S.K.: 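Below are the C-alpha cells for one structure; questions will follow.
Whatever order the structure lists them in is the order used to number ligands and atoms, beginning at 1. This is a predicted model, so every value here is computed, not measured.
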Amino acid sequence: MLKIGILGLQGAVREHARAVKDCGAEAIDVKSIEQLEQLDGLILPGGESTTMRRLLDKSGFMEPLRAFAREGKPIFGTCAGLILLAKRLSNQEEAHLELMDITVERNSFGRQKESFEAEIAIAGVAEDKMTAVFIRAPHITEAGENVEVLAKYEGRIVTVREGQFLGCSFHPELTEDNRLTAYFLQMVEEYKMIENKICN
Ligand code: GLN
C-alpha cells in the first residue's frame, strides 16, 4: 500500500487523509521530520502559507522537505501548499520551498469572491469538468517551459504539473470527487516503479 504523508502542521489535513484513504492508500499525518523517510509521496495542504512557513522554520522542516524532493519523491501542493512549492511569489519578496518553476499570486480572486465553487476541466484528470472549491485562492501567473498547465479558470492557471510536482489553487479534498488525488497517487506509483528499476 502506498504511504502518503500530509504535512500536519496547519490546515486542511483531515480532509486530505479521507481522500487518500478513499483512493486506497495509507494516509500519514506528518508532524515530525523523521516521518518523511517512510513516505512514498507528500501532500502540502491548504491553510495559511505565512503561518505554515513560520511553523516549518520553527520545526526545521525546510531543508528535509527539499531533500525529500531531491530524491525524486512526488509532492502535491493545494492552495497554501501550492504557494509553498512556487519558486516565485508575485506579491511578496521571499518564496518558500522554491521547487516548482511557477510564479504564484496570493489571494488573487478578489475580496468579493473569498470563496466560491466552479466547474473546471482538468487535462488528463477530469476532461468532463469537476467541482473545485476555491478559498482565498492563489493563481499561477507564470509557468516555466517544463510546466504543464492542466487547468484554467476564467483564463487563470489553477492546476499545474512539473514532473514529480503537482499543484492546484483550490481544495480538491473538500468534495467527494477524488480524481485529482487519484491522479497524484498514480504519479507516486510511477515514481515507485522507476525507483525499483534503478535499485534492482
Ligand atoms: N490565502 C492563503 C495563503 O495565502 C491560502 C488559502 C488556502 O489555502 N485556502 O496562504
S.K.: With atoms numbered from 1 as shown, which atoms in ligand 1 lie under 4.0 angstrom from a non-hydrogen atom of Ser49?
M.R.: 3 (C), 4 (O), 10 (O)
S.K.: Regarding Ser108 and His139, do their side chains bring together a donor and an acceptor under 3.5 Å, going by distance alone?
M.R.: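 Short answer, yes.
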S.K.: Go through it in stages, so that I can follow the logic: the residues are His16 and Thr181, the test is side chain to side chain donor-acceptor pair (under 3.5 Å), and I'd like the CA-CA distance, side-chain angles, deciding distance and then a yes or no.
M.R.: CA-CA 8 Å; His16 271 297; Thr181 303; 5.2 Å; no
S.K.: With heavy atoms under 4.0 Å as the rule, classify the contact between Ile83 and ligand 1 as side chain, backbone, both or neither.
M.R.: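 Answer for Ile83: side chain.
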S.K.: How far is atom 7 (C) of ligand 1 from the closest protein heavy atom, and which atom is that?
M.R.: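 Looking at atom 7 (C) of ligand 1, the protein heavy atom closest to it is Cys79 SG, 2.7 Å.
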S.K.: Would a distance-only check, ignoring hydrogens and angles, find a side-chain to backbone donor-acceptor pair under 3.5 Å from Gln35 to Ser32?
M.R.: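 Confirmed, Gln35 side chain pairs with Ser32 backbone.
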S.K.: Using a 4.0 Å cutoff against the non-hydrogen atoms of Gly46, which atoms of ligand 1 qualify?
M.R.: 8 (O)
S.K.: I'd like to check whether Ile135 has a polar contact with ligand 1, where a contact means an N/O of the residue lying under 3.5 Å from an N/O of the ligand.
M.R.: yes
S.K.: Just need the protein heavy atom nearest to atom 1 (N) of ligand 1, so name the residue and atom and give the distance.
M.R.: Asn107 OD1, 2.6 Å
S.K.: In terms of side-chain heavy atoms, does Asn178 have a donor or acceptor partner in Arg18 at a distance below 3.5 Å?
M.R.: yes
S.K.: Starting from atom 5 (C) of ligand 1, which protein heavy atom do you reach first, and at what distance in Å?
M.R.: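 It is Gly47 O, 3.4 Å.
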S.K.: Which residue supplies the protein heavy atom nearest to atom 4 (O) of ligand 1, what is that atom called, and how far is it?
M.R.: Arg106 NE, 2.7 Å
S.K.: With a 4.5 Å cut-off on side-chain heavy atoms, are Ile43 and Val20 touching?
M.R.: yes
S.K.: Side-chain contact test, heavy atoms from C-beta onward, threshold under 4.5 Å: evaluate it for Val104 versus Arg88 and give yes or no.
M.R.: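 No, too far: nothing below the 4.5 Å cut-off.
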S.K.: Anything under 30° is parallel, anything over 60° is perpendicular, the rest tilted; go ahead and classify Phe116 against Phe134.
M.R.: parallel
S.K.: Should you measure from each heavy atom of Arg136, which atoms of ligand 1 turn up under 4.0 Å away?
M.R.: 1 (N), 2 (C), 5 (C), 6 (C)
S.K.: Can you tell me if His171 has a non-hydrogen atom under 4.0 Å from ligand 1?
M.R.: yes
